[in-house]
Amino acid sequence: MNTLHKLKKDISEAINVLTGQEISPANLTLTPTKKEFEGDYTLLVFPLSRYFGKRPEETAEIIGDYLKNNYDIIDNYNVIKGFLNLGFSKDYWLYALKEMTGTQDYGKGEHKSKKVMVEYSSPNTNKPLHLGHIRNILLGWSVSQILEKAGYEVVKTQIVNDRGIAICKSMLAWQKWGDGVTPESSGKKGDFLVGDFYVLFDKKFNEEYQEWQKTDEAKKIFEENNEKLTEEQFFKKYKNEYFNSHSVLGAEAREMLLNWEKKVPEVMKLWEMMNGWVLQGFEETFEKLGVYFDKSYFESNTYQLGKDIVDEGLEKSVFYKENDGSVWIDLEDINMDKKIVLRSDGTSVYITQDMGTADLRFKDFGTEKMIYVVGDEQEYHFKVLFEIMKRLKRPYADDMYHLSYGMVELPTGKMKSREGKVVDADDLIAEVILEAEKSAKERGELENTTEEERAAIYEKIGMAALKFFILKVNPKRRMIFNPEESVDLQGQTGPYIQNAYVRIKSIIRKTGKLEIKDFSDYAGINEYEKSLISSLSDYPELIQQAAEELEPSAIANFAYDLAKKYHKFYSEVRVLGAETEAAKNFRIALSNMVANILRDSMELLGIRMPERM
RNA sequence: GGUUCCGUAGCUCAGCUGGAUAGAGCAUCAGAUUUCUAAUCUGACGGUCACAGGUUCGAAUCCUGUCGGGAUCACCA
């Protein structure tokens, strides 16, 4: 199907004829020839020479000679050391382009039987989404898109952490000091409003803690427990303990959590109201990011799940019970610790819930492959979870992945919501769009457009800059995010790729209506054109690989590379003013194909293309 | 301390299923526009691929160790 694949198959056949050896095409190394050398593709002959019993140079000569004489697409060859550089006939290139342009949904993989669940974005409903969530959401969305393109059926889910002590802090602060304020009355977006109360709680709590530190009780505790810390260091460490055993506010927050668990109507009402505000706010942010979920799970519904699995695990002796009633799994045989799965008081821990949720999803959708897009601080947790599901012999257990990504930090250090030291998602989005607008106005290319069209274009450009900036890097890398740099619009950026697309669209507009006409007479194919076709040929394989490795950055780098090649082509070669009619037809067809693949690949990153910019 | 991820140009990153002289962008400097959108293109400057061994015809890539940084090792979520 793919022309490169076919070539590998041809070579494999040739080797078979020449030596009788069976070599799978997948084991051949065939790469585009480096530009310092003559040729289009290079076959590495070193590993093959032993089958021929000759030196690499001689082996390369034999293979090259055979290919040239027996296959039409090989026009010429040369040998340098163990490298066999093959030159393709012009017909090969024309045929390759023709084949691509004639393929429906080029790059789409064959249908895969396994359904995949991708979980991404696990927000807490006590504060707005921030930069860290953006990385998570963009990764999850992009991976979902890539998997779909590769041929999988994908179910996109999120789990919303809408219960727990942190949420109670926001609720309590609103109750005590909120004075009945609502998003409507304050004109503030719901998630931001609730986040303010979360910060306020922390402020009030700190004040309370400071006061307490002056009491005799505090001094006594310091004297008794401290070994070699200063007072300041000690109390910094003691903060959590203070919250749990001395703090008035802490006691109130914990009481609220208990009342929530007992479903006390007054608390439930407050919780539903404030959660509603936050979720509405999230919805707006998701929309701006251009993402959605097929199904949202809420922790308030799922936090009790998994207890029956604990029973099942005890029965199957996967778990064991301690004397105090707590239930554990022993993973020391695989070099991990013992891990608790149910508390002594019979309540769930985090992992209990995750066990239950996995089963629930399998029941809901039959997803046999599950991908969790979650920060790398939870690597250990997921290792344990996956191991448990394996030992419980779940049908999906062998296909669970944790797509872990590194933390996003600011140049000033880690983000801390409680201290208000964050980059909020909404603010960042607004900033990049504004930056795109400024830049576009300076250029002044958009004079004949309506205000609405312009706004849409600014948004596409700004979001492209942001998304590309985040997705082009390997997820595993910890990233230090400088808000100023992220809005760069030149160089290796989203807008650079959009610009290549826009240039093509501009050319096509000038031809009136897009028509792909016959170009089989085109004889003067040049290196820029070959290199574009060669990139385009790689696309289907790239999709499969990116899906296999859950690697959006591979797509991002491909799109950049293709755009770069097009810009180069554009500056060297005329399309509309081509030398001959055939050349013009060919270049229009090629340009249009490049535009399609640029749009298609950027779509996989959640980036949309403007028609002009 | 155990486990694990990361370390490539001043900065941000590609390349990692071993292949030719390690590539981009940003920044700095110098150029390109009567002709398809200059958010572009060309050139210059910039490297002990953290370090040391090993495997190999060949190592940024694989193995071992060391150093530096992050994460994690809760009856928290």
S.K.: Do any side-chain nitrogens or oxygens of A:Arg477 fall under 4.0 Å of OP1 or OP2 in B:rG7?
M.R.: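 So the side-chain polar atoms of A:Arg477 do come within 4.0 Å of the phosphate oxygens OP1 or OP2 of B:rG7, strictly under.
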S.K.: Roughly, in whole Å, what's the span from CZ in A:Arg574 to P in B:rU33?
M.R.: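 Spelled out: CZ on A:Arg574 to P on B:rU33 is 13 Å.
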S.K.: What is the distance, rounded to the nearest whole Å, between atom CG of A:Asp561 and atom P of B:rA24?
M.R.: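 Computing the A:Asp561:CG to B:rA24:P distance gives 11 Å.
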S.K.: May I ask you to evaluate whether A:Lys510 reaches the phosphate of B:rU37, defined as a side-chain N or O under 4.0 Å from OP1 or OP2?
M.R.: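 Answer yes for this pair, as a side-chain N or O of A:Lys510 is under 4.0 Å from OP1 or OP2.
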S.K.: What interatomic distance, in whole Å, is found between C1' of B:rG70 and the corresponding atom of B:rG31?
M.R.: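 Here B:rG31 and B:rG70 have their C1' atoms 44 Å from each other.
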S.K.: Base, sugar-phosphate alone, or nothing: which one does A:Lys505 contact when heavy atoms must sit under 4.0 Å apart?
M.R.: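 The answer is nothing, as A:Lys505 stays clear of every strand by at least 4.0 Å.
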S.K.: How would you label the contact of A:Asn474 with the nucleic acid (heavy atoms, under 4.0 Å): base, sugar-phosphate, or nothing?
M.R.: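 Sugar-phosphate, no base atom in range.
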S.K.: Which part of the nucleic acid does A:Val573 contact within heavy-atom distance under 4.0 Å: base, sugar-phosphate only, or nothing?
M.R.: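 Touches a base.
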S.K.: My understanding is that a pair needs two contacts under 3.5 Å, Watson-Crick or G-U wobble. By that rule, which nucleotide pairs with B:rU28?
M.R.: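 With both distances under 3.5 Å, B:rU28 matches B:rA44.
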S.K.: Counting only Watson-Crick pairs (N1-N3 plus N6-O4 or O6-N4) and G-U wobbles (N1-O2, O6-N3), all under 3.5 Å, who is the partner of B:rC13?
M.R.: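 B:rG23 is the nucleotide pairing with B:rC13.
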S.K.: Distance check needed: B:rG15 P versus A:Gln492 CD, whole Å only.
M.R.: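 So the two atoms are 11 Å apart, to the nearest Å.
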S.K.: Any carboxylate oxygen within less than 4.0 angstrom of a Lys/Arg side-chain nitrogen, looking at A:Glu61 and A:Lys54?
M.R.: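 No.
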S.K.: Using the P atom as the point on both nucleotides, what is the distance between B:rG68 and B:rA59, in whole Å?
M.R.: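 So the two P atoms sit 28 Å from each other.
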S.K.: Using a 3.5 Å distance criterion without hydrogens, assess whether the side chain of A:Trp271 forms a donor-acceptor pair with backbone atoms of A:Asp162.
M.R.: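 Pair found, side chain donor or acceptor close to backbone of A:Asp162.
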S.K.: Does A:Tyr528 have its ring centroid less than 6.0 Å away from the ring centroid of A:Phe569?
M.R.: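 Centroid separation for A:Tyr528 and A:Phe569: 6.0 Å or greater.
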S.K.: Once you apply a heavy-atom cut-off of 4.0 Å, does A:Asn557 come out as touching a base, just sugar-phosphate, or nothing?
M.R.: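 Answer is sugar-phosphate: A:Asn557 comes under 4.0 Å of backbone atoms only.
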S.K.: Looking for any heavy atom pair under 4.0 Å, which part of the strands does A:Arg503 touch: base, sugar-phosphate only, or nothing?
M.R.: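 The residue A:Arg503 makes sugar-phosphate contact but no base contact.
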S.K.: Considering only atom C1', compute the distance from B:rG2 to B:rG18 and round it to an integer number of Å.
M.R.: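 One C1' to the other, the span is 32 Å.
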S.K.: Just to be sure I understand the rule, does A:Met613 reach a base, reach only the sugar-phosphate, or reach nothing, if contact means heavy atoms closer than 4.0 Å?
M.R.: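 If one applies the 4.0 Å heavy-atom cut-off, A:Met613 turns out to touch a base.
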S.K.: Classify A:Glu445 by what it touches in the nucleic acid, base, sugar-phosphate, or nothing, heavy-atom distance under 4.0 Å.
M.R.: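 Base contact.
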S.K.: So does A:Lys568 get a side-chain nitrogen or oxygen closer than 4.0 Å to the phosphate oxygens (OP1/OP2) of B:rC41?
M.R.: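 Result: no.
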S.K.: Using atom C1' of each nucleotide, how far apart are B:rU72 and B:rU28 to the nearest Å?
M.R.: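 B:rU72 and B:rU28 have their C1' atoms separated by 42 Å.
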S.K.: Strictly below 4.0 Å, N to O, side chains only: are A:Lys568 and A:Glu572 in salt-bridge contact?
M.R.: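 Result for this pair is yes, salt bridge flagged.
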S.K.: Touch check for A:Glu409, heavy atoms < 4.0 angstrom, all strands: base, sugar-phosphate only, or nothing?
M.R.: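 Here A:Glu409 touches no strand at all.
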S.K.: Could you tell me the separation between the NE2 atom of A:His567 and the C1' atom of B:rG25, rounded to a whole number of Å?
M.R.: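 So the two atoms are 13 Å apart, to the nearest Å.
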S.K.: Between B:rG1 and B:rC45, how far is it from one C1' atom to the other, in whole Å?
M.R.: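 Straight-line distance between the two C1' atoms is 47 Å.
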S.K.: Using a heavy-atom cut-off of 4.0 Å across all strands, would you classify A:Val349 as base, sugar-phosphate, or nothing?
M.R.: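 It contacts sugar-phosphate atoms only.
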S.K.: Between the side-chain atoms of A:Thr42 and the base atoms of B:rA20, is any donor-acceptor pair under 3.5 Å?
M.R.: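 Donor-acceptor pair under 3.5 Å: yes.
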S.K.: At under 4.0 Å between heavy atoms, what does A:Asn85 touch on the DNA or RNA strands: base, sugar-phosphate, or nothing?
M.R.: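 It contacts base atoms.
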S.K.: Check whether any side-chain N or O of A:Lys476 sits under 4.0 Å from OP1 or OP2 of B:rU4, and answer yes or no.
M.R.: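 For A:Lys476, the contact criterion (side-chain N or O under 4.0 Å from OP1 or OP2 of B:rU4) is not met.
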S.K.: Between A:Arg477 and A:Gly406 (side chain of the first, backbone of the second, donor and acceptor by atom type, cut-off under 3.5 Å), is there such a pair?
M.R.: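 Not confirmed, A:Arg477 side chain does not pair with A:Gly406 backbone.
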S.K.: Within the 4.0 Å heavy-atom criterion, would you say A:Ala500 contacts the bases, only the backbone, or no part of the nucleic acid?
M.R.: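 No contact.
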S.K.: NA contact type, A:Val502, heavy-atom cut-off 4.0 Å: base, sugar-phosphate, or nothing?
M.R.: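 The residue A:Val502 makes base contact.
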S.K.: Using the P atoms only, state how far B:rU61 lies from B:rC6, rounded to an integer number of Å.
M.R.: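 To the nearest whole Å, 14 Å.
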S.K.: Taking the C1' atom in each of B:rU8 and B:rC13, what is the distance between them to the nearest angstrom?
M.R.: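 The same atom, C1', in both gives a distance of 9 Å.
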S.K.: Taking the C1' atom in each of B:rC36 and B:rC41, what is the distance between them to the nearest angstrom?
M.R.: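 These two C1' atoms come out 15 Å apart once rounded.
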S.K.: Quick check on B:rC13: is either OP1 or OP2 less than 4.0 Å from any side-chain nitrogen or oxygen of A:Arg478?
M.R.: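 No, outside the criterion.
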S.K.: For residues A:Ile516 and A:Leu514, determine if any side-chain heavy atom of one lies less than 4.5 Å from a side-chain heavy atom of the other.
M.R.: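 A side-chain contact under 4.5 Å exists here.
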S.K.: Taking only side-chain nitrogens and oxygens of A:Tyr496, does any of them come within less than 4.0 Å of OP1 or OP2 of B:rC41?
M.R.: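 Answer is yes, contact under 4.0 Å.
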S.K.: Looking at B:rA20 and A:Phe37: do their rings stack (centroid distance under 5.5 Å, interplanar angle under 30°)?
M.R.: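 The base of B:rA20 is stacked with A:Phe37 (centres under 5.5 Å, planes under 30°).
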S.K.: Please give, in whole Å, the distance from B:rC73 P to A:Phe382 CZ?
M.R.: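 In whole Å, B:rC73 P lies 13 Å from A:Phe382 CZ.
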S.K.: Taking the side chain as everything from C-beta on, heavy atoms only, tell me whether A:Met355 gets closer than 4.5 Å to A:Tyr350.
M.R.: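 Result no, sub-4.5 Å side-chain heavy-atom pair not found.
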S.K.: Answer with base, sugar-phosphate or nothing: what part of the nucleic acid does A:Tyr380 contact at a heavy-atom distance below 4.0 Å?
M.R.: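 Sugar-phosphate only.
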S.K.: Taking for each residue the nucleotide of RNA chain B bearing the nearest heavy atom, is the 5' side occupied by A:Tyr560 or by A:Glu572?
M.R.: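 Upstream on the strand: A:Tyr560.
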S.K.: May I ask you to say what A:Ile461 touches in the nucleic acid, namely base, sugar-phosphate or nothing, with a heavy-atom cut-off under 4.0 Å?
M.R.: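 Touches a base.
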S.K.: Tell me whether the OP1 or OP2 atom of B:rC36 has a side-chain N or O from A:Arg587 closer than 4.0 Å.
M.R.: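 Negative; the distance criterion is not met.
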S.K.: Closest-nucleotide mapping onto RNA chain B: is A:Asp345 or A:Glu611 further toward the 5' terminus? I mean the 5' end.
M.R.: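 Closest to the 5' end, via its nearest nucleotide, is A:Glu611.
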S.K.: Using a strict cut-off of less than 4.0 Å between a Lys/Arg side-chain nitrogen and an Asp/Glu carboxylate oxygen, indicate whether A:Lys565 and A:Asp561 qualify as a salt bridge.
M.R.: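 The answer is yes: the pair qualifies as a salt bridge.
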S.K.: Distance check needed: B:rU21 C1' versus A:Lys81 NZ, whole Å only.
M.R.: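 Nearest whole value for this atom pair: 10 Å.
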S.K.: Return the minimal non-hydrogen interatomic distance between A:Ser534 and A:Tyr41, and the atom names on each side.
M.R.: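 Minimum heavy-atom separation between A:Ser534 and A:Tyr41: OG-OH, 2.8 Å.
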S.K.: For A:Phe83 and B:rA20, do the ring centres fall under 5.5 Å apart while the planes stay under 30° apart?
M.R.: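 A stacking contact exists, since A:Phe83 sits close and nearly parallel to the base ring of B:rA20.
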